[in-house]
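What follows is one structure encoded as structure tokens, with my remarks underneath.
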Amino acid sequence: MIDLQLLRNDAEKVKKGLAKRGVAPEKVEALINLDEEIRQLTKATEKLKASRNEKSKTIGIKIKEGLPVEDIAREVKQIGEQIKKSEKEMEAFKDDFQSMLWDLPNLPHDLVPEGAGEEDNLEIRKEGALPDFDFEPRSHHEIGKECDWLDFERGVKLSGNKFVVLKDQGAFYSRHLIQFMLNSARERGYLEVAPPLMAKRSVFYGSGQLPKFEDDLYKIQDDDSFLIPTGEVPLVNLYADEILSEEQLPLKLTCLSSCFRKEAGAAGKETKGLIRLHQFEKVELVAVCKPDQSNQMLDEIVADAEVILKKLGLPYRIMLLCTGDMSGFSTSKTYDLEVWFPSLKKYVEISSCSNCTDFQARRAKIRYKASTGKNQLVHTLNGSALAVGRCLAAVMEHYQQADGSIAWPDMLK
RNA sequence: GGAGAGGUGGCUGAGCGGUUGAAAGCGUCUGCCUCGAAAGCAGAUAAACACAUGCGUGUUUCGGGGGUUCGAAUCCCCCCUUCUCCGCCA
């Protein structure tokens, strides 16, 4: 959620920042006007309440003294009716205001390049040499189907399009990749968490999936709950509505979670196989820190994700996403890690690391008690380390041999 | 899923219609004492919002929402949640 103080004090900055993400300045303008209106109403209503409270108090005193109170009681009743009326009016304004505010994305960081889409992302660096096959490398789904490690047909039979069944080496190495990733996170100081995979509606407001992206989520029919689209959701909300102590920070959390996404409209050659599914596994990193730590923390998270690719010997590049490609609603700055896919002859996103600044903290009310004694919003960050399915696919493609077998890296055995 | 009992500040726990944002204790902080510390003594110690921004003033909040009342932590209704017992089950 956008900082209201900032909105009031520097509307231009908010307008400019949001414009970069395609939000019309009129929206911000409307918000400011509404805010002003609400404050006027608040002032008037509070005045009425103050007088009611005071007069009610004197009634109590008069009753004790045995004095008559009928006149004043009637008066207070009238004030009460006025209050009700004015509160009703205000509530309508506030509802509008809140839903407008919920719908605004985070402001992009100053260093984020402006751009329309993928083509405007900034390559930070490339790591690892591209493999040199003396045969035409095959896609992971081709290999997977042939060896019966990836059973797409039966995934469809069981659960529908874009579900897969892993078998034999597919299941085995997927499990070992997870183990490898979680262990790596633990070694780097993350607390391992095993969260629920479904969560209540309010939780999704906290991390920013709701109210805007309800269509992307799987809803539980009998409850007002949803399946999580990423482990970020439970991890970020773990300390919602809490006031942390300064010594607790930074908090570094990791979890394995299945992720459920509707992925409406996504299809095509580049999303084949394990690339885009309705359910996939991901090891997630989340950091909760003080505001002045978050810039550095983002670099750390990128490094924590990178190390997996390095150890697996997979070539990748790091991209700084431009404003137009920053799909993460809550983020102010995002680095994508893209791993090389020999069959596609291109880099494919395998991790996304974001600094959400105080955007989620404000929504989820995550604060810490600063040494000054004041409660302050924390900053939250998240990153994948890594998407398991895509990683498995990348390993299969990268380590395939001419004879159709795969030279699995030792660390996964 | 059924029955019963609860949900109060950082924690324990009183209050069960009026001047109670809330006793008491613990914890934390500050001052005194001390060479220093402990003990002791004195005081301070919730959040959000609005207005004033020099001290400050007001509003809201006792699980959440609604209602009764001049006035609700206190009474009524609904929901959530915790504990105990029963049922079910990996």
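Chain naming here is simple, since letters A, B, ... match the order of the sequence lines and numbering starts at 1 in each. The model shown is predicted, which means the values in this text are computed figures rather than measured ones.
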What's the gap between rC79(B) and rG2(B) when it is taken at their P atoms, as a whole Å value? 10 Å
Map every base of RNA chain B to its dot-bracket character, where paired means a Watson-Crick or G-U wobble contact with both distances under 3.5 Å and | marks a partner outside the strand. ((((((((.[[[..)..(.....]]]((((((.......))))))((((((....)))))).[[[[[..)....]]]]])))))))....
I'd like to check the side-chain hydrogen bond (donor to acceptor under 3.5 Å, both in side chains) partners of Gln279(A); sequence neighbours left out, ordered by chain and number. none
For Ile83(A) and rC70(B), what is the distance between atoms CD1 and P respectively, to the nearest whole Å? 13 Å
Determine the Euclidean distance between corresponding C1' atoms of rA48(B) and rU34(B); express it in Å to zero decimal places. 43 Å
Quiz item: cation-pi between Lys262(A) and Tyr218(A), 6.0 Å / 45°: yes
Would you please confirm or rule out a distance under 4.0 Å between OP1 or OP2 of rU19(B) and any side-chain N or O of Asn53(A)? no
Nearest whole Å is fine: how far is rC70(B) P from Glu75(A) CD? 14 Å
Whole-angstrom distance between rG58(B) and rA52(B), as gauged at atom P: 16 Å
Listed once per pair and sorted, the salt bridge (Lys or Arg N to Asp or Glu O under 4.0 Å) pairs that draw on residues 96-111 of chain A, sequence neighbours left out: none
So if I take residues 87-101 of chain A and measure heavy-atom distances to RNA chain B, which residues fall below 4.0 Å? none
Rounding to an integer number of Å, can you tell me how far Glu54(A) CD sits from rG58(B) P? 10 Å
Rounded to whole angstrom, note down the C1' distance from rU19(B) over to rC76(B). 26 Å
Protein N or O to nucleotides 47-53 of chain B N or O, pairs below 3.5 Å:
residue, atom, partner, partner atom, Å
rA47(B), O3', Arg367(A), NH1, 3.3
rA50(B), OP1, Arg8(A), NH1, 2.3
rA50(B), OP1, Arg8(A), NH2, 2.9
rC51(B), OP1, Arg39(A), NH1, 3.2

Considering only the C1' atoms, how many Å lie between rC80(B) and rG63(B), rounded to the nearest integer? 8 Å
If the C1' atom of rC11(B) is compared with that of rG27(B), how far apart are they to the nearest Å? 7 Å
For Ser352(A) and Asp336(A), does a side-chain donor sit closer than 3.5 Å to a side-chain acceptor? yes
Pick the P atom in rU20(B) and in rU45(B), then give their distance to the nearest Å. 16 Å
Quick one: the side chain of Lys64(A) and the base of rU19(B), do they pair up donor-acceptor inside 3.5 Å? yes
Could you tell me whether the side chain of Ser332(A) and the main chain of Asn355(A) form a donor-acceptor pair under 3.5 Å? yes
Take the protein atom CD of Glu247(A) and the nucleotide atom C1' of rU28(B), then report the distance between them rounded to whole Å. 12 Å
Once side-chain hydrogen bond (donor to acceptor under 3.5 Å, both in side chains) is applied, do any residues pair with Glu338(A), and if so which ones, sequence neighbours excluded? Arg317(A)
Taking only nitrogen or oxygen atoms into account, show me every contact under 3.5 Å that the protein makes with nucleotides 71-81 of chain B, one pair per line with its distance.
residue, atom, partner, partner atom, Å
rG71(B), O4', Ser56(A), OG, 3.3

Looking only at side chains, do Gln40(A) and Glu36(A) share a donor and an acceptor under 3.5 Å apart? yes
Taking only distance into account, with no hydrogens and no angle test, what donor-acceptor pairs under 3.5 Å do side-chain atoms of residues 246-256 of chain A form with protein atoms, sequence neighbours excluded?
residue, atom, partner, partner atom, Å
Glu246(A), OE1, Ser371(A), N, 2.8
Glu246(A), OE2, Lys290(A), NZ, 2.9
Gln248(A), OE1, Ser245(A), N, 2.8
Gln248(A), OE1, Ser245(A), OG, 3.3
Lys252(A), NZ, Arg188(A), O, 3.0
Thr254(A), OG1, Glu284(A), O, 2.9

Pair Ile318(A), Tyr347(A) - check side-chain contact (heavy atoms from CB on, under 4.5 Å), show working. CA-CA 10 Å; Ile318(A) 299 178; Tyr347(A) 289 96; over 6 Å; no
Rounding to a whole Å, what distance do you find between Leu67(A):CG and rU19(B):P? 18 Å
The complete set of ring pair (Phe, Tyr, Trp, His ring centres under 6.0 Å) pairs with one or both residues in residues 156-186 of chain A, sequence neighbours excluded, reads Phe163(A)-His278(A), Phe172(A)-His176(A), Tyr173(A)-Trp408(A)
Distance in angstrom units between Ile72(A) CD1 and rC70(B) C1', rounded: 9 Å
Does either side chain, that of Thr45(A) or that of Ser86(A), offer a donor lying less than 3.5 Å from an acceptor on the other one? yes
Protein-nucleotide distance (Lys62(A), atom NZ; rU19(B), atom C1'), rounded to Å: 15 Å
Pairs involving residues 49-60 of chain A, ordered by first then second residue, that meet side chain to side chain donor-acceptor pair (under 3.5 Å) (sequence neighbours left out): Lys49(A)-Glu87(A), Lys55(A)-Glu75(A)
Taking atom C1' in both rA47(B) and rG40(B), compute the distance separating them and give it to the nearest angstrom. 34 Å
Let me know the distance between CD of Glu246(A) and P of rG10(B), rounded to the nearest Å. 18 Å
Gln400(A): partners by side-chain hydrogen bond (donor to acceptor under 3.5 Å, both in side chains), with sequence neighbours left out: none
Residues in ring pair (Phe, Tyr, Trp, His ring centres under 6.0 Å) with Phe226(A), at least two apart? Phe204(A)
Go through the steps for Glu214(A) and Arg201(A) under the test side-chain contact (heavy atoms from CB on, under 4.5 Å), then give the verdict. CA-CA 10 Å; Glu214(A) 184 158 347; Arg201(A) 177 176 286 274; 3.3 Å; yes
For RNA chain B, whose closest nucleotide is more 5', that of Lys77(A) or that of Gly60(A)? Gly60(A)
